[in-house]
Amino acid sequence: MQIHDNPTLKAEARNLNFFYGEAKALKNINMPIYDKKVTALIGPSGCGKSTYLRSFNRMHDLYPGNRYEGEIRFFPDNTNLLAAEVDPIEVRMRIGMVFQKPNPFPKSIFENVAYGLRVRGENNKRVLDDKVEHALKGAAIWDEVKDRLADLASNLSGGQQQRLCIARALATDPELLLFDEPTSALDPIATGAIEELIHELKKRVTILIVTHNMQQAARVSDYTAYMFLGEMVEFGKTDEIFIKPKDKRTEDYITGRMG
Amino acid sequence: MKPLTTEEIRAVIAAGKLRDNLFKATGVFCLALALIVIVALVADMVIKGSDRFTLDFFLNFASRRATQAGILSAWVGSLLVMLVTAMAAVPLGVAAGLYLEEYAKRNWLTNLIEINITNLAAVPSIVYGLLALGIFVYQFGLGQSILSAGLTLALLILPIIIVATREAIRAIPAMIREGSMAVGATRWQTCRYHIVPYAMPGILTGVIIGLARAIGETAPIITIGALTFIAFLPPAPLSTLGDGSTAGLFDWVMAPFTVMPIQIFNWTSRPDPAFEVNAAAAGFVLMAMVLSMNAVAIFLRYKMRKNIKW
């Protein structure tokens, strides 16, 4: 799929700062996230890419002492996701997340996917069946699990577990899907399956993905942002970032001289 | 340093292995000592009490004649008191532990509460007895009843259940909690669907350890005034009483009672040596009660843990 020249804005970070207690982890980040595109966040360990990602669904609110400054605007309704009056639960209902390590619940495959719907008060068996099937198909795992939906999710392989977690996030039709290094615990074949899936998913949902694997960023993303020491060093179309980076620091990282 | 020759390496390994074996032998000896003492105690009770292991012993009330005396009121009393204790302590302890782990902010106040919960576990049980005598028996007017005893022992084991609940919750990886919150769950939904079910095996262990401690407690029960000689049972729900009226569902909680340890204590303090046989037999029964509680807990824990993997 070609990148259009005038993509719609889905979200935008404006002067975003983030503090773990006293420590400033994100420094004045400004960055657009385009609708139905894959945006990759790359950078060396500790550069703040996961911290940035977890700001979008207010995961930092779960732990004391964390503080945001600035805004993340979410469109089309132009909500500031970080505003104190915006309930983090509402934010998480609109924005799904897939974690670094597959984290299925120790429940059945079906219940894992149905959980997001149950949380929203959906208990109608037929609706659940329908949506679970749809989500599992969307995560390209339906054929592997359709005959054993009642089995424990922990019996699946790592790659299957991660796709199940994607299905869990998809079941509630999120507008934005966050991926926090989703393949770092997987073997190359399972990684390939996830990357292919991300490619499919961007037809339906906007994706923001943190990866420490530059080839992966190049393969799956339309846009790439390079972060370093809590700063957004460079943002642009993926081909441009990888072929002719403007910033010396981006170039050093991409060519392997740093990080 | 010059590299060691093969002989020297072997000598070093041999010296190391000798110490290994020495420690192993010491360990086995210590373990055997502890086990032998327990086995000897149990065997002693079984041998001494063997004359009393009859159905009558379980179905007879206390009596002035040792051979006719039984433990009916004591084992029924113990079970009923445990029932009240569990009903009171489990919801309170689990809720308190859940609150402290999942909801409470970390500050000096929660730290203070935490330290004091640990301290409470170390308060001598007689102190709980005195407290209960003042509060439950007199202030609340609950009298010398099963309810008073159950609540007293509930207080006693509350810290154990709280600590076990907290430890079980802490063993749940953060990524499970985050996974639940990330789909938009509230704290309560996360607790209800994940934290409590996954912590249940650990909570159960704490509950059983607590109850096993409670069932052997004598001092606080004596303090609140359990009877030492009792020849009737608490009224069964909806049974017909002596005066022709029908007992209510919960009349039994207000009934006077005795428990196993008190019965045993009572028999050991009699001058007639024949009662020692009763005491030994009752001691064995008490022990069997505790062990079977543990067995049930281990079984349930095993069943539950089988499905919980991360």
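Since we're looking at a predicted model, the values are computed, not measured. Just so it is clear: chains get the letters A, B, ... in the order the sequence lines come, proteins before strands, and each one is counted from 1.
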### Query
Side chain, backbone, both or neither: which part of A/Leu178 has an atom under 4.5 Å from a heavy atom of chain B?
neither
### Residue-level contacts of residues 54-72 of chain A with chain B, using a heavy-atom cutoff under 4.5 Å
A/Arg54, A/Asn57, A/Met59, A/Leu62, A/Tyr63
### Message
Need one label for B/Arg177: side chain, backbone, both or neither, based on atoms under 4.5 Å from any heavy atom in chain A.
### Response
neither
### Task
Go through A/Thr211 and A/Asn213 one step at a time and tell me if the side-chain hydrogen bond (donor to acceptor under 3.5 Å, both in side chains) criterion holds.
CA-CA 5 Å; A/Thr211 174; A/Asn213 176 333; 5.2 Å; no
### Task
Look only at the side chain of A/Gln160 and the backbone of A/Ser157, and say whether a donor-acceptor pair between them is shorter than 3.5 Å.
yes
### Message
With a 4.5 angstrom heavy-atom cut-off, is it the side chain or the backbone of A/Pro88 that approaches chain B, or both, or neither?
### Response
neither
### Query
Near A/Lys101 NZ, under 6.0 Å, is it more than 12 heavy atoms from other residues, nucleotides or ligands?
no
### Message
Let's test your reading of the structure: which of A/Met93, A/Gln100, A/Glu111 forms the most heavy-atom pairs below 4.5 Å with chain B?
### Response
A/Met93
### Query
Does NZ or CZ of A/Lys202 fall inside the cone over A/Phe179's six-membered ring, less than 6.0 Å from its centre and within 45° of the axis?
no
### A/Arg94/A/Glu175 ion pair, N-O < 4.0 Å
yes
### Task
Heavy-atom distances under 4.5 Å only: say whether A/Ile89 touches chain B with side chain, backbone, both or neither.
both
### Message
With chain A as the partner, which of B/His194, B/Met175, B/Met181 has the greatest number of non-hydrogen pairs under 4.5 Å?
### Response
B/His194
#### Entry: Proximal component of A/Asn155, with respect to chain B [non-hydrogen, under 4.5 Å]
side chain
### Task
Answer yes or no: does atom CZ of B/Phe299 have more than 12 heavy-atom neighbours from other residues, nucleotides or ligands under 6.0 Å?
no
### Task
Inspect the contact between A/Lys125 and A/Asp129 and indicate whether a charged nitrogen and a carboxylate oxygen are less than 4.0 angstrom apart.
yes
### Under 4.5 Å from a heavy atom of chain B, the part of A/Phe99 involved
side chain
### Side-chain touch B/Thr152/B/Glu217, heavy atoms, less than 4.5 angstrom
no
### Task
Determine yes or no for a side-chain-to-main-chain donor-acceptor pair under 3.5 angstrom, with B/Asn116 supplying the side chain and B/Leu112 the backbone.
yes
### Message
Need one label for A/Pro104: side chain, backbone, both or neither, based on atoms under 4.5 Å from any heavy atom in chain B.
### Response
backbone
### Query
Are any of the side-chain nitrogens in A/Glu144 or A/Arg163 under 4.0 Å away from the carboxylate oxygens of its partner?
yes
